[in-house]
Amino acid sequence: MAGAPMLQLQFMPAAELAGQASLGPDGVLGAACFGIEPPASLAALDLPLACVRVAPLCAGATPPVAAVCEVWTTAAPLRRGEHGRLRYRCSEEILFGTLSIPVADAEPVAANMAPAMQRAAERAYAELFAAVEALGFPHLLRVWNHVPDINGRSAGLEHYRLFNIGRQDAFLAFDRQIAGASVPAASALGAQDGSALVVYCMAARRPAAALENPRQISAYDYPRDYGPRAPTFSRANLARIDGQSVLFISGTASIVGHQTQHAGDAAMQTRETLRNIEALLQQAARRGAAGLRLEHLHYKVYVRHAHDLPLVRAELERAAGGGARVLYLQADVCRADLLVEIEAVAFPAEPESPC
Ligand code: 3EB
């Protein structure tokens with residue numbers, strides 16, 4: 001539709017976002033910056049900006065790119081604000097928000113002696129739910145989670161597993177479903193020597209539809225082998241925002257059923273991951289988002305070992321073509337045997353109108 005306030009996603013060097021007058025910051029709904037140190041000029045903008053201590057992998061870039069951004073823009077009128085620790089911007093229909101919770105001083109939500117990481121996760125989600133409910137955007141569509149030292153352990157449990165306990169407790173405390181169509185899409189990755197849990201999200205006034213992958217057991221039904229509480233996320237979410245269909249594909253890995261496939265082989269893990277993403281595109285097609293192919297997607301690719309980048313990139317380019325928009329990042333993935341995780345966003349075409 002001509003003139004519709006379309007939601008868009010762009011990847012760019014941080015310096016470009018900091019310097020690009022045409023982008024706003026007025027037209028920017030929100031952004032995430034991936035780098036060991038975001039440029040001060042960016043941090044100074046009055047913008048909800050998730051600062052994630054994850055290194056970009058921009059092979060061959062001269063000069064080397066120190067920080068890259070994921071930038072969400074819309075032509076819809078925006079409001080901005082803060083609610084507790086959540087910084088946000090919102091249009092009439094969608095809210096982008098971010099918050100950062102220092103793990104060590106996370107206060108318990110309930111009177112409990114849980115390890116700091118579990119408390120931080122429960123705090124983060126409790127503050128997120130309180131904010132989006134108060135602001136009138138109660139439907140969480142998509143959440144990105146960056147957990148410091150995600151594969152490290154405290155109190156005998158991996159930090160990712162502690163994170164899962166705290167996240168699920170917050171869902172339960174806010175009377176939210178922990179399975180089914182209202183569960184948000186998500187990614188959960190590590191962050192380098194950071195001390196804070198960084199969460200950013202998209203939330204909406206109206207509900208969207210979660211999708212699951214028939215090749216995989218729903219994450220919220222994982223058996224206890226992966227931790228005392230299952231992860232609370234859906235495989236994808238299909239929403240309509242500001243006159244635009246948006247498909248959020250969660251962080252996706254080389255998992256079939258509930259088991260990791262191809263341990264130790266980054267190329268084969270990438271292929272299996274792309275098969276899972278294709279299965280999600282088929283599910284989306286059955287819900288009306290027809291015609292989506294791998295080459296149409298925007299990707300973020302998290303590679304555990306930077307030296308696997310050429311293998312991973314070759315597989316993605318073989319499947320999605322050399323022209324796909326891709327942000328490669330070096331990050332730890334939530335299972336120790338996973339070498340790569342890929343998330344994606346697509347903007348399905350509108351159904352043909354009869355006139
Ligand atoms: C998986 O499929 C891989 O805990 O929010 C992917 C996306 C993964 C989101 C999360 C975890 C999460 O289980 C890991």
Side-chain angles (χ1 to χ4, degrees), residues 32 50 52 54 117-118 120-122 124-125 128-129 140-151 157-171 176-179 182-191 197-202 210-237 247-263 266 269-270 272-280 283 299-304 329 331-345:
V52 182
V54 145
M117 182 62 74
Q118 179 183 333
E122 189 174 0
Y125 274 79
L128 189 54
F129 290 144
L140 214 48
L141 306 180
R142 212 307 178 196
V143 191
W144 291 265
N145 303 285
H146 282 275
V147 180
D149 192 16
I150 189 167
N151 300 128
L157 268 184
E158 192 183 31
H159 290 148
Y160 175 62
R161 298 180 182 205
L162 292 169
F163 166 82
N164 277 325
I165 300 172
R167 173 170 57 178
Q168 194 188 85
D169 276 342
F171 271 77
R176 288 177 174 250
Q177 301 291 319
I178 56 169
S182 70
V183 171
S187 299
L189 285 309
L197 171 63
V198 176
V199 175
Y200 63 105
C201 73
M202 298 272 213
L211 306 181
E212 292 300 308
N213 180 349
R215 302 181 83 234
Q216 299 183 309
I217 290 181
S218 295
Y220 44 71
D221 290 331
Y222 279 169
R224 291 185 53 118
D225 324 20
Y226 304 99
R229 301 286 189 83
T232 308
F233 72 96
S234 61
R235 298 298 184 185
N237 214 331
L247 176 65
F248 296 102
I249 294 182
S250 288
T252 304
S254 178
I255 294 173
V256 177
H258 58 76
Q259 282 167 327
T260 299
Q261 310 289 310
H262 319 296
Q269 286 199 9
T270 306
E272 198 71 66
T273 300
L274 291 168
R275 281 196 279 271
N276 280 328
I277 290 176
E278 284 191 298
L280 288 167
Q283 294 304 110
Y299 296 92
K300 275 160 69 197
V301 179
Y302 305 94
V303 182
R304 182 186 291 278
L329 302 167
D332 287 340
V333 184
C334 62
R335 284 188 193 177
D337 53 8
L338 290 174
L339 299 173
V340 58
E341 181 172 311
I342 303 179
E343 63 181 51
V345 175

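We're numbering straight along the sequence, starting at 1. Indexing begins at 1, ligand by ligand and atom by atom, following the structure's order.
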Region of F163 that comes within reach of ligand 1 [heavy atoms, distance under 4.0 Å]: neither
Over-ring placement of R235 relative to Y220, 6.0 Å and 45° cut-offs: no
Contact check, S187 vs ligand 1, heavy-atom distance below 4.0 Å: yes
Contact atoms of ligand 1, heavy-atom distance to E341 under 4.0 Å: 6 (C), 7 (C), 8 (C), 14 (C)
Part of E343 with heavy atoms under 4.0 Å of ligand 1, whether side chain, backbone, both or neither: neither
Distance-minimising heavy-atom pair for V54 and A331: CG2-CB, 4.0 Å
G251: numbered ligand 1 atoms lying under 4.0 Å from its heavy atoms: 6 (C), 7 (C)
L197 side, atom CG; F163 side, atom CZ - distance, nearest 0.5 Å: 6.0 Å
Separation between CZ of R304 and CG of L189, rounded to the nearest 0.5 Å: 9.5 Å
R167, portion touching ligand 1 at heavy-atom distance under 4.0 Å: side chain
Y160 to ligand 1, any heavy atom closer than 4.0 Å: yes
Audit row: H258, Q216, side chain to side chain contact (heavy atoms under 4.5 Å, CB included) steps and yes/no: CA-CA 6 Å; H258 58 76; Q216 299 183 309; over 6 Å; no
Donor-acceptor under 3.5 Å (S187 side chain, G251 main chain): yes
N/O donor-acceptor pair under 3.5 Å between E343 side chain and T252 backbone: no
Nearest non-hydrogen partners of N145 and A186, listed with the distance: ND2-CB, 4.1 Å
Protein heavy atom at shortest distance from atom 3 (C) of ligand 1: I255 CD1, 3.9 Å
Ligand 1 contact by Y226, heavy-atom criterion under 4.0 angstrom: no
Whether R229 side chain and R161 backbone form a donor-acceptor pair below 3.5 Å: no
Ligand 1-proximal atoms of A186, by part, heavy-atom distance under 4.0 Å: both
For A188, the ligand 1 atoms whose distance to one of its heavy atoms is below 4.0 Å: 4 (O), 5 (O), 9 (C), 10 (C), 12 (C)
Distance flag, aromatic centroids of Y160 and Y226, threshold under 6.0 Å: no
Heavy-atom nearest neighbour in the protein, as seen from atom 14 (C) of ligand 1, with distance rounded to 0.1 Å: C334 SG, 3.0 Å
Atom 2 (O) of ligand 1: nearest protein contact (heavy atom, Å): R235 NH1, 2.8 Å
Nitrogen or oxygen atoms of Y222 and ligand 1 under 3.5 Å apart: yes
Shortest heavy-atom approach to atom 8 (C) of ligand 1 - which of Y220, F233, Y302: F233
